[in-house]
Amino acid sequence: MAETTPTFERTVPRILMCAPTYFEVSYVINPWMTGHVHDTTAERSHRQWDALRETVQRHADVVIQPPAEGQPDMVFAANAGLVFGNTFVPSRFRYDERKGEEPHNRAWFTHHGFDIADLPEGVFFEGAGDGLFDRGTSRRLWMGHGHRSDLDAAPALGRLLDVDVLPLKLADPRFYHLDTCFCPLTDGYTLYFPGAFDAASLALIEQHVAPAERIIVDEHDAAAFACNAVNLGRVVILNRASADLRARLEGAGFMVIEVALDEYMKSGGAAKCLTLRLDEAVGA
Ligand code: ARG
């Protein structure tokens, strides 16, 4: 009789993080940055980033991207682009302040063997900040638009990656990237702040996410970046969650780990946007 191969082998997720060497708030391109120009310290931001890296490293392999001088927001690795299988779709940033990151990201992903798939000229798209793969259904991409990314990116991504793209219109300027207000979790659970979306987009979420799988975040938790979570299997790493949100996540089988990231919130980011999943699986 032929021997069967055990199928319980688990692969360790791979996460990219960009070192915070040059991180600071040096301009204002989202409401969180207002009043915080030159308000961060290297000591505190490096310590918080190290704590996140150490926490993520307990559940994933972390790969470090070298930062570029003069690109303070490059630390937000989620915005480098969108990874799907071995394909990398580089971001096209809306604001001039971040466009200088583009050549560095293209070079890094080219050097690391990814196939580069470019969006059409003139279409803005800010990578895994606005493009989030569903973890329950393969080949479904939720895409935020309305602040940074263009709706035109949706059909283009569908073609480039052969995925179904569900566009969600972001309606509140505080939640300017999809990953600030929406987070697909293992087994189809979805963490989101309804107030960040227009009515049609909320209806689209409700059409695809069963009531029992919706983990609704209130404004208080959303403002503490609870939706900006790194999900690795049954682990959820985030800046802060209220007792109520933690209980609901635990009730759904998740282990919640808080890592304080207030220095990065002054720039409008937290756990999820400081990371980029490099092994985003291509499902069946
Ligand atoms: N200061 C950065 C910006 O406004 C923060 C980016 C946060 N990234 C994210 N994926 N939410 O572009």
Side-chain angles (χ1 to χ4, degrees), residues 15-40 45 48-49 52 56 65 67-68 70-83 89-102 104-105 124-133 141-150 153 168 170 172-184 191-193 196-197 217 221-231 237-239 259 261-278 280:
I15 298 283
L16 182 71
M17 291 180 70
C18 179
T21 321
Y22 305 110
F23 170 71
E24 61 163 347
V25 179
S26 54
Y27 46 73
V28 176
I29 56 170
N30 70 54
W32 301 90
M33 299 172 96
T34 305
H36 288 304
V37 171
H38 305 311
D39 183 33
T40 60
S45 55
Q48 293 188 347
W49 185 89
L52 179 65
V56 172
Q65 180 182 23
Q71 300 301 151
D73 276 341
M74 198 171 158
V75 73
F76 297 108
N79 296 126
L82 185 66
V83 175
V89 181
S91 284
R92 288 243 177 76
F93 287 98
R94 178 165 301 269
Y95 295 121
D96 288 347
E97 286 85 344
R98 297 199 66 180
K99 290 189 200 296
E101 299 173 36
E102 292 176 16
H104 299 289
N105 292 325
F124 293 124
F125 173 63
E126 299 202 352
D130 270 331
L132 299 173
F133 284 99
L141 179 71
W142 297 97
M143 198 203 93
H145 67 98
H147 295 301
R148 298 295 184 84
S149 299
D150 289 329
L168 298 174
L170 301 172
D172 180 329
R174 290 174 300 166
F175 302 101
Y176 59 94
H177 277 142
L178 184 61
D179 70 2
T180 63
C181 52
F182 185 89
C183 183
L191 191 63
Y192 65 104
F193 170 52
F197 299 93
V217 172
D221 275 317
F225 274 75
C227 297
N228 199 248
V230 181
N231 173 221
I237 302 165
L238 44 67
N239 172 66
V259 179
L261 293 163
D262 46 273
E263 275 311 75
Y264 296 95
M265 284 172 62
K266 295 173 182 170
S267 187
K272 160 63 174 57
C273 37
L274 291 166
T275 67
L276 178 64
R277 183 102 187 218
L278 289 175
E280 202 67 71

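Counting starts at 1 for both ligands and their atoms, following the listed order. Hydrogens, waters and symmetry mates play no part in the numbers below; they use all other heavy atoms, side chains included.
- The shortest heavy-atom distance from E97 to ligand 1 is not under 4.0 Å.
- Under a 4.0 angstrom heavy-atom cut-off, Y176 registers as being in contact with ligand 1.
- Under 4.0 angstrom from ligand 1, there are no non-hydrogen atoms of K272.
- Residue G268 has at least one heavy-atom neighbour below 4.0 Å for each of these atoms of ligand 1: 7 (C).
- Ring orientation note: the planes of F76 and F23 are nearly perpendicular, at an angle over 60° on the 30°/60° scale.
- Considering only non-hydrogen protein atoms, atom 2 (C) of ligand 1 sits nearest to D73 OD2, 3.2 Å.
- Residues L178 and F197 form a side-chain contact, since some pair of their non-hydrogen atoms from C-beta on lies under 4.5 Å apart.
- Here the protein heavy atom with the shortest distance to atom 12 (O) of ligand 1 is R98 NH1, 2.7 Å.
- R148 places none of its side-chain heavy atoms less than 4.5 Å from the side chain of F124.
- The closest side-chain donor-acceptor pair between Q71 and H104, if any, does not fall under 3.5 angstrom.
- Proximity annotation for atom 5 (C) of ligand 1: of G144, S267, G127, C227, S267 comes nearest, heavy atoms only.
- Proximity to G129 (heavy-atom distance under 4.0 Å) selects the following atoms of ligand 1: 10 (N).
- Looking at M33 against ligand 1, only its side chain comes within 4.0 Å, counting heavy atoms.
- Looking at N231 and K272, their side chains never come closer than 4.5 Å, going by heavy atoms from C-beta outward.
- Near R148, the atoms of ligand 1 lying under 4.0 angstrom from a non-hydrogen atom of the residue are 3 (C), 4 (O), 12 (O).
- The side-chain heavy atoms of Y22 and M74, taken from C-beta on, include no pair separated by under 4.5 Å.
- Note: no N/O pair closer than 3.5 Å links T180 and ligand 1 by distance alone.
- A ring-centre distance under 6.0 Å is found for F225 and W32.
- Neither side chain, N239 nor Y264, offers a donor N or O lying under 3.5 Å from an acceptor on the other.
- By heavy-atom distance, the residue among T275, N30, L276 lying nearest atom 4 (O) of ligand 1 is N30.
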For a side-chain contact (heavy atoms from CB on, under 4.5 Å) check, start with the C-alpha distance between D73 and E101, then their side-chain angles and the critical distance, and finish with the verdict. CA-CA 8 Å; D73 276 341; E101 299 173 36; 3.6 Å; yes
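- Counting only heavy atoms of the protein, atom 11 (N) of ligand 1 lies nearest to D179 OD1, 2.8 Å.
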Worked verdict on E280 versus R277 for salt bridge (charged side-chain N to carboxylate O under 4.0 Å, His left out): CA-CA 6 Å; E280 202 67 71; R277 183 102 187 218; 5.5 Å; no
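- Proximity to I29 (heavy-atom distance under 4.0 Å) selects the following atoms of ligand 1: 3 (C), 4 (O), 12 (O).
- Closest to atom 8 (N) of ligand 1 among all protein heavy atoms lies N79 OD1, 2.9 Å.
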